[in-house]
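All of these numbers come straight from a predicted model, not from anything done at the bench.
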Amino acid sequence: MFDMGDKLWLGYKLDDQGKRTDEKFEVSVDLLRRHGGVFGSTGSGKTVLSKCILEEAAMQGVPIIAFDPQGDIASLMLPGDPKELSEKGVPPERLKEYMDKVLVRVYTPASSKGLAISINPLKLPDRNADQDDIIRLLDNCARTLVKVLMKVAGLSRSWEGKSFAVIYELLRTIWENEKTDIDELSELADMLVADIETAGVDLEPFMKFSERQTLATRIRSLTVGSSQLLFKEEGEIDFDYLTQPVNGKTPINVIFLKTLRSEEEKHFFIAIVLNQLYSWMLRQGFTERPRMMIFQDEAAPFIPAGMRAPGPKETFLLLFRQARKYGVECLIATQSPKDIDYKAFEQFNTISAGRISSEQSLKVLERILEPIAGEKESEEIITQLPGQQTASFIFSSADLKPKVNHIGVRWLLTKHITLTEKDVQMHMQKLRAEQEKILKKLEEERLAREKQEEAEREKARLEKLKKIEDAKKEAERKRLEEEKRKADEAARLEREKLLAEKKEKFKSAKPMDKVFETKGQAGLLSYEDIINGFVARIEAIARRTFGLPFLKELVTRGELHYEKSMSFYLTETREAIKQGLAKVVKKEVTRKGKARREEYLLYEFEYMLKMVINSMGIKEPEYVDEVRLKKEFEQMVNKANKNSLLERIVLGQPFLEF
């Protein structure tokens, strides 16, 4: 597969005798960022070299808009003969690559022979443009429209100056008032005869009302008959569309100017296209990569030397100055450089010159080449040009090494013939059918996309409503929850208050005060009654042989090894468990480095207190002062002594004395 990378293969280098070598001549796709010109007399091959550049640029993904005044460029849509290509040193695979990568569309202004294209001459400049450029664009728009009115609508030449002034002033006012573009020429005609408030400006100093009525009539005449085809809504130029790949193919958009009936219409059409291109270009912003290429074949009538200023000239010069910052490459072709305004060449960095014999043209070209190739090289180039063979060019660029190269242009991948309107119609029928098919598909996709988007919007709307409803429910739930929490908190605080009050009451009760209600017939009980419940349990243990020593040891230590306790205090241990004064628990212990679980007899006052309270039937056990009772209980145990048998029998003393 022939692989050029990002290079444009334009042909082969020539030796000193002008014979073709095997060394390909390739240039970077970025070379024309600083614009270029192809010059050569009739038959020199300048159009062939230009079309070669267009073929290569498109295959590298650079969209192209080509103005075709004579029908030579439109044949880019006709593939060449693979056999002939092979004979001419061009791999046929290149043709397949071209057909796979490039789509050529031929637009026919004011005609249905090719693809439809129309313009709105009243689109205003982009607001990001430089102030001076805005004035130039508005001036150019007004001046070009007046020239068309003079040629097509019968406007008298004596009216040219004042017609320009009144149209320019009206467009300037619309732009400064930040109004939208005027969509139709009839709207401009209406504004010319509108009152000051509607128009936004007093037009009387520029043209009388009766004259403005006549001018408005002339403008409206452009909206009827064949003239209206230029301004119809169908096919209105869209640079986003013109630069967008179609099914992966880069478009070459050929604007076939032969369908326009006069030079003025051609100038008018190109001027409006370039004005709108400039505004579009500003909106895209700066870029380092080629975004688009503009090609003007037979450029001399549109960028003439001297004082003549047809519509496209000013905008072409503006593009030459600024377009490279926005990735727009400009390429022109013409027979003689002397016919092009010298200011254009100040912006050109690449010049390709074929056979030129006119002495005046050679002198102009020498001045153009000196800044690029140098004085000595320029003189040598000029001496060689009159004898150049067809399709032989001296390609000069300040960005090349070497700067000057003698080349023979490669054979075109496409047919090089001049097409008529009928030819375009015949060859474009298939493309139009494909375009309609694509447009139909795009419309179906758009409708499907809109349907999907509507479904997604409806889904989003329902989800939003659900979220709102869920949020309301959640807010209500939280509100009720918060109300309940507050109510519960208030109840809790009230209970705590009552509890605190009762606790304080019971805490300060004297030992003999009857403060505890019971469930049975006992009535009210005091702390002293609870203590007596303890005494009964202490006595039950103390009656055992070693009851008191065992009890004191248990209370003091808090726990005893259960096995040992059963060995030394068998009956005492059992009684303590029975009376609720102790219970058996298992504990993790480490002996000789090994962990195991062993049983312990645990003193637990709380457990005994609970048993005493339950046995007495106290209704509100939570108000019993556990700390107070525990302290008194342990004091009793520590002070307890047995009375002698004599003391108990003779003197009537109790079993224990505290």
Side-chain angles (χ1 to χ4, degrees), residues 506-507 511 516 518-520 522 525-618 620-649 651-658:
F506 292 127
K507 187 177 181 180
F516 297 108
T518 60
K519 300 174 183 177
L525 298 178
S526 65
Y527 276 108
E528 188 67 27
D529 296 327
I530 297 173
I531 292 296
N532 288 335
F534 292 155
V535 171
R537 281 169 167 71
I538 294 171
E539 284 185 349
I541 297 171
R543 290 182 187 277
R544 305 299 174 180
T545 305
F546 302 105
L548 278 179
F550 160 76
L551 190 58
K552 289 181 180 182
E553 183 179 356
L554 177 62
V555 171
T556 302
R557 294 175 62 180
E559 64 181 19
L560 297 173
H561 193 276
Y562 181 66
E563 188 177 338
K564 291 180 180 179
S565 181
M566 291 293 285
S567 297
F568 293 105
Y569 304 113
L570 176 62
T571 58
E572 291 83 356
T573 299
R574 288 175 176 172
E575 189 63 32
I577 294 172
K578 178 182 177 182
Q579 295 299 327
L581 193 59
K583 63 181 180 179
V584 180
V585 297
K586 286 189 176 183
K587 288 182 59 178
E588 189 87 16
V589 297
T590 302
R591 298 190 189 280
K592 296 181 180 181
K594 293 184 179 180
R596 61 182 182 178
R597 295 176 66 80
E598 295 183 357
E599 291 182 330
Y600 277 80
L601 186 68
L602 184 68
Y603 159 61
E604 190 172 302
F605 175 79
E606 293 82 359
Y607 180 65
M608 183 187 69
L609 177 60
K610 184 178 180 182
M611 289 184 66
V612 170
I613 289 173
N614 287 341
S615 66
M616 291 182 172
I618 295 175
E620 298 174 310
E622 65 269 22
Y623 299 130
V624 175
D625 192 340
E626 181 181 324
V627 176
R628 172 178 173 177
L629 291 172
K630 184 177 182 181
K631 182 178 179 182
E632 291 188 21
F633 171 76
E634 291 177 354
Q635 286 176 351
M636 288 172 62
V637 170
N638 289 326
K639 292 179 180 180
N641 288 305
K642 285 184 181 180
N643 286 317
S644 65
L645 184 60
L646 181 63
E647 290 173 321
R648 295 200 298 272
I649 296 173
L651 301 177
Q653 296 293 330
F655 179 72
L656 291 176
E657 181 184 27
F658 299 99

**Message:** Taking the side chain as everything from C-beta on, heavy atoms only, tell me whether Arg537 gets closer than 4.5 Å to Met608.
**Reply:** yes
**Request:** Kindly compute the distance separating CD (Glu604) from CG (Leu554), expressed to the nearest 0.5 Å.
**Result:** 11.5 Å
**Request:** I would like to know whether Thr573 and Ile577 meet side-chain contact (heavy atoms from CB on, under 4.5 Å); could you show each step before the answer?
**Result:** CA-CA 6 Å; Thr573 299; Ile577 294 172; 4.1 Å; yes
**Request:** Report yes or no: does Asp529 contribute a side-chain atom to a donor-acceptor pair with the main-chain N or O of Leu525 at less than 3.5 Å?
**Result:** no
**Request:** Would you list the pairs meeting salt bridge (charged side-chain N to carboxylate O under 4.0 Å, His left out) in which at least one residue belongs to residues 557-571, sequence neighbours left out?
**Result:** Glu553-Arg557, Glu559-Lys587
**Prompt:** How far apart are the C-alpha atoms of Ile530 and Met616, what are their side-chain angles, what is the distance that settles it, and do they pass the side-chain contact (heavy atoms from CB on, under 4.5 Å) test?
**Reply:** CA-CA 8 Å; Ile530 297 173; Met616 291 182 172; 4.1 Å; yes
**Request:** Flag the pair Leu601 / Met566 as yes when at least one side-chain heavy-atom distance between them is below 4.5 Å, and no otherwise.
**Result:** no
**Short N-O contact, Glu575 and Arg544, less than 4.0 angstrom** = yes
**Request:** Kindly assign one of parallel, tilted or perpendicular to the pair Phe550 and Tyr569, based on the angle between their ring planes and the thresholds 30° and 60°.
**Result:** tilted
**Message:** So does Pro511 get a backbone contact from the side chain of Ser526, meaning a donor-acceptor N/O pair under 3.5 Å?
**Reply:** yes
**Fill in**
On a heavy-atom basis, the closest approach of Gly558 and Leu602 is O-CD1, 3.7 Å
**Request:** Taking Asn638 for its side chain and Gln635 for its backbone only, find out whether a donor-acceptor pair lies under 3.5 Å.
**Result:** no
**Message:** Checking the side chain of Asn641 only, and the main-chain atoms of Lys639 only, is there a donor and an acceptor separated by less than 3.5 Å?
**Reply:** yes
**Item:** Euclidean distance, Leu581 CG relative to Leu609 CG, rounded to 0.5 Å
**Value:** 11.5 Å
**Item:** Contact check, side chains of Glu572 and Leu551, non-hydrogen atoms, under 4.5 Å
**Value:** no
**Under-4.0 Å salt bridge between Glu632 and Arg628** = yes
**Asked** Run the side-chain contact (heavy atoms from CB on, under 4.5 Å) check on Glu622 and Glu620 step by step: do they pass?
**Response** CA-CA 5 Å; Glu622 65 269 22; Glu620 298 174 310; 4.2 Å; yes
**Item:** CZ on Phe534 to CD on Glu634, rounded to 0.5 Å
**Value:** 10.5 Å
**Asked** Parallel, tilted or perpendicular: which fits the ring planes of Phe605 and Phe633, with parallel below 30° and perpendicular above 60°?
**Response** tilted
**Request:** For residues Phe568 and Phe546, establish whether the separation of their ring centroids is below 6.0 Å.
**Result:** no
**Fill in**
Closest non-hydrogen atoms of Ala576 and Ile541, given as atom of the first, atom of the second and distance, are CA-CD1, 3.8 Å
**Request:** Take atom NZ of Lys552 as the centre, draw a 6.0 Å sphere, and report whether it contains more than 12 heavy atoms from other residues, nucleotides or ligands.
**Result:** yes
**Request:** Rounded to the nearest 0.5 Å, what's the gap from CG on Asp625 to NZ on Lys630? Could you check?
**Result:** 12.5 Å
**Short N-O contact, Arg596 and Glu588, less than 4.0 angstrom** = no
**Item:** Carboxylate-amine/guanidinium contact Lys586 Glu598, below 4.0 Å
**Value:** no
**Other residues, nucleotides, ligands: >12 heavy atoms within 6.0 Å of Tyr623 OH** = yes
**Request:** Keeping the roles fixed (side chain from Tyr562, backbone from Lys583), state whether a donor-acceptor pair exists under 3.5 Å.
**Result:** no
**Contact check, side chains of Val584 and Tyr600, non-hydrogen atoms, under 4.5 Å** = no
**Complete:** One should read off an interatomic distance between Arg574 CZ and Ser565 OG, to the nearest 0.5 angstrom, of 11.0 Å
